[in-house]
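Right, one structure below, let's go through it.
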2 protein chains.
Amino acid sequence: MTDDGVQGLDPRQLEAYFALMEAVSLLQHHVEQQLQASGDLSYVQFQLLARLADAQGQLTMTALADSVVYSRSGLTYQAGLMEKAGLITRGPCPDDERTTLVTITEDGLALLGRVMPGHIQVARGMLFDPLADEDLSRLGDIMVRVRDHMRSLPPRSAAPRRRRQA
Amino acid sequence: MTDDGVQGLDPRQLEAYFALMEAVSLLQHHVEQQLQASGDLSYVQFQLLARLADAQGQLTMTALADSVVYSRSGLTYQAGLMEKAGLITRGPCPDDERTTLVTITEDGLALLGRVMPGHIQVARGMLFDPLADEDLSRLGDIMVRVRDHMRSLPPRSAAPRRRRQA
DNA sequence: TATTGTTATACTCTATAACTATA
DNA sequence: TATAGTTATAGAGTATAACAATA
């Protein structure tokens, strides 16, 4: 809270932060190109497929939007595209008539499987190659902890700003 | 998912990779909101200002575009906005008449300084808080190495796709 | 001929607000 | 009244290609 360096962050911290942001930016760029080339998928769409696969194939729109940090209308847009492409289907939910259940199709799963190898190869070439095995363990351990911490912070698809007048 | 590892990446590597991507996505989101709120800046614009400041205030358009991984036309667009906002100026280069030199203004530097504390605070709250000092050193060390490796890979503003017939 | 930068254009993505329907 | 999802819309951002000027 005092101010040595920029607001109490020492140069070591600053460097770590900026290196992280830059590295991931570069990685994202390449990954996006790979996904586009190999499966005509944007990164968001890839994420959506991955989440669905990870959740036994089904999620509600809201759950899906939350899991990718996304507005619901944005998800509706993407879901429209992906449904048209045959990667997912949308259907009613037996428990709650308001809810839409998104289901990944066979084609969606197949595409995910087809795209994954190249995706991973990019990650390996850019991220893992320059790291020793030990580094990787540490990085994994650290980032899992960080991610879980971040997840525990308040989300955002829920109430961007309303909820202030009854 | 299918198993026996996805293409030779063991689950540990996969988890590290996805945790990294998700954490940085979340971080980016919050940082963007902070920049917007505190300085009416997009993250790209923040990066541009930071690069310029880091380079003693001046860079050519191409150098700037490269340093942010950006198309030159995209940079022209952003530079237009930022010039209009008084954050940078563009002028001729004495050495090479083709080149445009981008210079950060006093206002640009001031804005960068004004925005930085909050920016860092977000990074601290989301990234550094859950980490021990030791973790931070490791993360910094690792990511600097990774970033430098990535930088050493072929860039991209130079020749997007042409250069295939001489 | 190659390179720097700009322009024109077309398109994708994203979010906000208004709306429908259920709970 | 609150929530799930969609729609309409408007705006920001990005890239590609064509272009002008200089090297």
Side-chain angles (χ1 to χ4, degrees), chain A residues 25 28-29 32-33 35-37 40-48 59-66 68-85 88-102 155-166, chain B residues 25 28-29 32-33 35-37 40-48 59-66 68-85 88-102 155-166:
Chain A
S25 278
Q28 249 175 359
H29 240 278
E32 255 155 36
Q33 289 184 312
L35 288 173
Q36 199 65 54
D40 204 32
L41 281 178
S42 68
Y43 189 69
V44 176
Q45 293 169 343
F46 167 78
Q47 279 181 299
L48 293 173
L59 282 174
T60 69
M61 289 292 282
T62 297
L64 201 47
D66 274 345
V68 182
V69 182
Y70 215 59
S71 71
R72 275 167 317 173
S73 73
L75 179 57
T76 297
Y77 171 75
Q78 292 295 344
L81 295 180
M82 293 170 75
E83 193 169 43
K84 200 168 303 175
I88 61 168
T89 56
R90 278 180 289 185
C93 175
D95 301 335
D96 186 333
E97 297 264 346
R98 297 174 298 182
T99 294
T100 297
L101 268 181
V102 182
R156 91 184 239 314
S157 101
R161 162 161 309 198
R162 296 120 93 245
R163 194 72 13 94
R164 192 70 280 177
Q165 49 162 314
Chain B
S25 278
Q28 249 175 1
H29 240 278
E32 255 154 36
Q33 290 183 312
L35 288 173
Q36 199 65 54
D40 205 32
L41 281 178
S42 69
Y43 188 68
V44 177
Q45 292 167 345
F46 167 79
Q47 279 181 297
L48 293 174
L59 283 174
T60 69
M61 290 292 281
T62 297
L64 202 47
D66 275 344
V68 182
V69 182
Y70 215 61
S71 70
R72 274 169 316 174
S73 73
L75 179 56
T76 297
Y77 172 74
Q78 292 295 344
L81 295 180
M82 294 171 75
E83 193 168 44
K84 200 168 305 176
I88 61 167
T89 56
R90 278 181 288 186
C93 176
D95 302 334
D96 186 333
E97 296 265 346
R98 296 173 300 182
T99 295
T100 296
L101 268 181
V102 182
R156 93 183 238 314
S157 101
R161 160 162 308 197
R162 295 119 96 248
R163 195 75 5 101
R164 188 76 279 176
Q165 47 164 312

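By convention in this document, chain letters (A, B, ...) are assigned in the order of the sequence lines, proteins followed by strands, and residues within each chain are numbered from 1.
Position along DNA chain C of the nearest nucleotide to Thr76(B) versus Arg98(A) favours Thr76(B) as the more 5'-ward residue. For the pair Thr60(B) and Val44(A), both in contact range of DNA chain C, the more 5′-proximal nearest nucleotide belongs to Thr60(B). Residues Gly74(B) and Arg90(A) each lie close to DNA chain D; by heavy-atom proximity, the contact nearer the 5' end of the strand is made by Arg90(A).
Contact annotation for Thr99(B): backbone-only contact, meaning every heavy-atom pair under 4.0 Å involves sugar-phosphate atoms and none involves a base. Using a 4.0 Å heavy-atom cutoff across all strands shown, Thr100(A) reaches sugar-phosphate atoms only and no base atom.
Between Met82(B) atom CE and dA12(D) atom P the separation is 16 Å, expressed in whole Å. One interatomic measurement links the two molecules: CE of Met61(A) to C1' of dT20(C), which rounds to 15 Å at whole-angstrom precision. Between Asp95(B) atom CG and dT22(D) atom P the separation is 16 Å, expressed in whole Å. One atom, CG of Leu35(A), and another, C1' of dT12(C), lie 16 Å apart when rounded to the nearest Å. Spacing between atom CG of Leu64(A) and atom P of dG5(D) amounts to 10 Å, rounded to whole angstrom units. Residue Lys84(A) contributes atom NZ, which lies 14 Å from atom C1' of dT6(D) at whole-angstrom precision. Per the geometry, CG belonging to Leu75(B) stands 13 Å off C1' belonging to dG13(D), to the nearest Å. Rounded to whole angstrom, the span from the OH atom of Tyr77(A) across to the C1' atom of dA12(D) amounts to 14 Å.
Thr99(A) OG1 to Leu59(A) CG: the interatomic distance, rounded to the nearest 0.5 Å, is 12.0 Å. The CD1 atom of Ile88(A) sits 9.0 Å away from the CG atom of Leu81(A) when rounded to the nearest 0.5 Å.
In terms of modelled atom types and a separation under 3.5 Å, the side chain of Glu83(B) and the main chain of Arg90(B) share a donor-acceptor contact.
Listed nucleotides dA15(D), dG13(D), dT16(C) differ in distance to Ser71(A); the shortest reach to its side chain belongs to dT16(C). Here the nucleotide nearest the side chain of Asp96(B), chosen from dT16(D), dT22(D), dT6(C), is dT22(D). Here dG5(C) is the nucleotide among dA17(D), dG13(D), dG5(C) with the atom lying nearest to any side-chain atom of Thr62(B). Of the candidates dA23(D), dT14(C), dT14(D), the closest approach to any side-chain atom of Tyr70(B) belongs to dT14(D).
Closest approach of Met82(B) to Leu48(B), counting heavy atoms only: SD-CD1, 3.8 Å.
Below the 3.5 angstrom threshold, one finds a donor paired with an acceptor across the side chain of Ser73(B) and the base of dT16(D).
OP1 or OP2 of dA12(D) has not a single side-chain nitrogen or oxygen of Gln78(B) nearer than 4.0 Å. Look at Arg72(A) and you won't find any side-chain N or O under 4.0 angstrom from OP1 or OP2 of dT3(D).
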Side chain to side chain contact (heavy atoms under 4.5 Å, CB included) between Tyr70(A) and Gln47(A), worked out: CA-CA 11 Å; Tyr70(A) 215 59; Gln47(A) 279 181 299; over 6 Å; no
